[in-house]
Amino acid sequence: MPPEPIKRSRALLPLSREHHVDLLLAWKIRKGLNNHAEYQRMADYVKYLEENLINEHFDDEEKLLFDLLPEEDKMCGNARKEHKQIRYLITEICDKKNYDNSLFRQLADLVEAHVRYEERALFPYLEARLPEQKLEEVAKILTEKHDVFNDIWQDTFWID
Ligand SMILES: [Fe+2]
Ligand SMILES: [Fe+2]
């Protein structure tokens, strides 16, 4: 019997798991804003996630997946643009110390919209376009590189 065709849920599972962390980030930021959490506490957490999850996640999506399609591909182009916007907001918040709460609001909205876009539109599109064997290769690398993320951040600004 031929091997079962790879399912998106398996091939891109490590990335989807991390999307859940992104959605939690959006939720935590909104909670923090509602609770009037101190700007720096929220900024520190954003930096922690950027360094430990977001940077590698974006880089791997771009290099392992988007680069497989022609440069002019609009679907991947959209995602690259959103990565740039998210990185820009993170730099404004964490490095430039631009004390403007609306940046957090924008970041939460953009991160959430980006995850929804990838899960609902881009990943199914990639799965349909990429050859089975290529997906298998990507799945293997993703599984090795993206273990379940263990969030060890202790300062729970979203609660208190
Ligand atoms: Fe992405
Ligand atoms: Fe993603």
Side-chain angles (χ1 to χ4, degrees), residues 5-33 42-96 98 100 102-153 157-158:
I6 192 160
K7 296 217 167 63
R8 179 175 74 92
S9 53
R10 188 160 72 77
L12 303 179
L13 177 72
L15 295 174
S16 293
R17 253 192 332 239
E18 292 180 356
H19 286 163
H20 181 64
V21 180
D22 293 335
L23 292 178
L24 277 176
L25 169 66
W27 178 83
K28 287 170 181 172
I29 286 174
R30 289 180 184 133
K31 281 284 224 185
L33 288 173
M42 297 201 288
D44 287 345
Y45 183 64
V46 169
K47 190 75 195 162
Y48 164 74
L49 275 194
E50 186 207 29
E51 287 175 347
N52 290 282
L53 182 112
I54 294 172
N55 273 339
E56 197 183 7
H57 182 102
F58 283 8
D59 286 347
D60 282 349
E61 283 177 339
E62 290 175 16
K63 288 184 192 128
L64 298 174
L65 289 167
F66 307 167
D67 279 357
L68 299 174
L69 291 184
E71 215 181 306
E72 62 275 14
D73 184 273
K74 284 216 170 63
M75 294 286 285
C76 293
N78 273 346
R80 283 185 204 275
K81 207 168 77 193
E82 290 178 356
H83 285 181
K84 267 203 192 122
Q85 290 169 336
I86 291 170
R87 287 190 204 269
Y88 168 80
L89 282 173
I90 293 177
T91 304
E92 287 296 312
I93 290 169
C94 300
D95 303 325
K96 297 203 177 153
N98 188 341
D100 175 359
S102 76
L103 291 171
F104 281 116
R105 185 81 56 190
Q106 287 177 54
L107 181 64
D109 290 349
L110 192 52
V111 162
E112 188 178 284
H114 180 63
V115 165
R116 304 279 184 223
Y117 170 66
E118 289 188 339
E119 287 292 328
R120 289 174 188 169
L122 185 60
F123 282 9
Y125 169 82
L126 288 171
E127 186 200 28
R129 305 213 62 187
L130 297 175
E132 215 51 33
Q133 198 201 335
K134 201 72 214 169
L135 268 179
E136 288 280 2
E137 280 171 39
V138 172
K140 196 162 171 280
I141 300 171
L142 288 176
T143 306
E144 277 165 16
K145 283 188 75 185
H146 296 256
D147 213 351
V148 177
F149 179 65
N150 181 23
D151 190 336
I152 55 161
W153 198 252
F157 63 81
W158 51 94

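All heavy atoms count here, side chains included; hydrogens, waters and symmetry mates do not. Predicted model only: the values in this text are computed from it and were never measured. Indexing begins at 1, ligand by ligand and atom by atom, following the structure's order.
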The Fe ion (ligand 1) to Glu61: nearest N/O/S atom name: OE1
State whether a side-chain donor-acceptor pair under 3.5 Å links Gln85 with His114. no
Option passing salt bridge (Lys or Arg N to Asp or Glu O under 4.0 Å) with Arg80 (candidates Asp67, Asp59, Asp73): Asp67
Looking at Asp22 and Arg116, is any side-chain nitrogen of the basic one under 4.0 Å from a carboxylate oxygen of the acidic one? no
Look at the aromatic rings of His57 and His146 and report parallel, tilted or perpendicular, splitting at 30° and 60°. perpendicular
For the Fe ion (ligand 1), the closest N/O/S atom belonging to Glu118: OE2
N/O/S atom of His19 inside 2.8 Å of the Fe ion (ligand 2), strictly under: yes
Establish, yes or no, whether the cationic atom of Lys28 lies under 6.0 Å from the six-membered ring centre of Trp158 and within 45° of the ring axis. yes
Within the stated cut-off of 2.8 Å, is an N/O/S atom of His83 closer than that to the Fe ion (ligand 1)? yes
Please name the atom of His114, limited to N, O or S, that comes nearest to the Fe ion (ligand 1). NE2
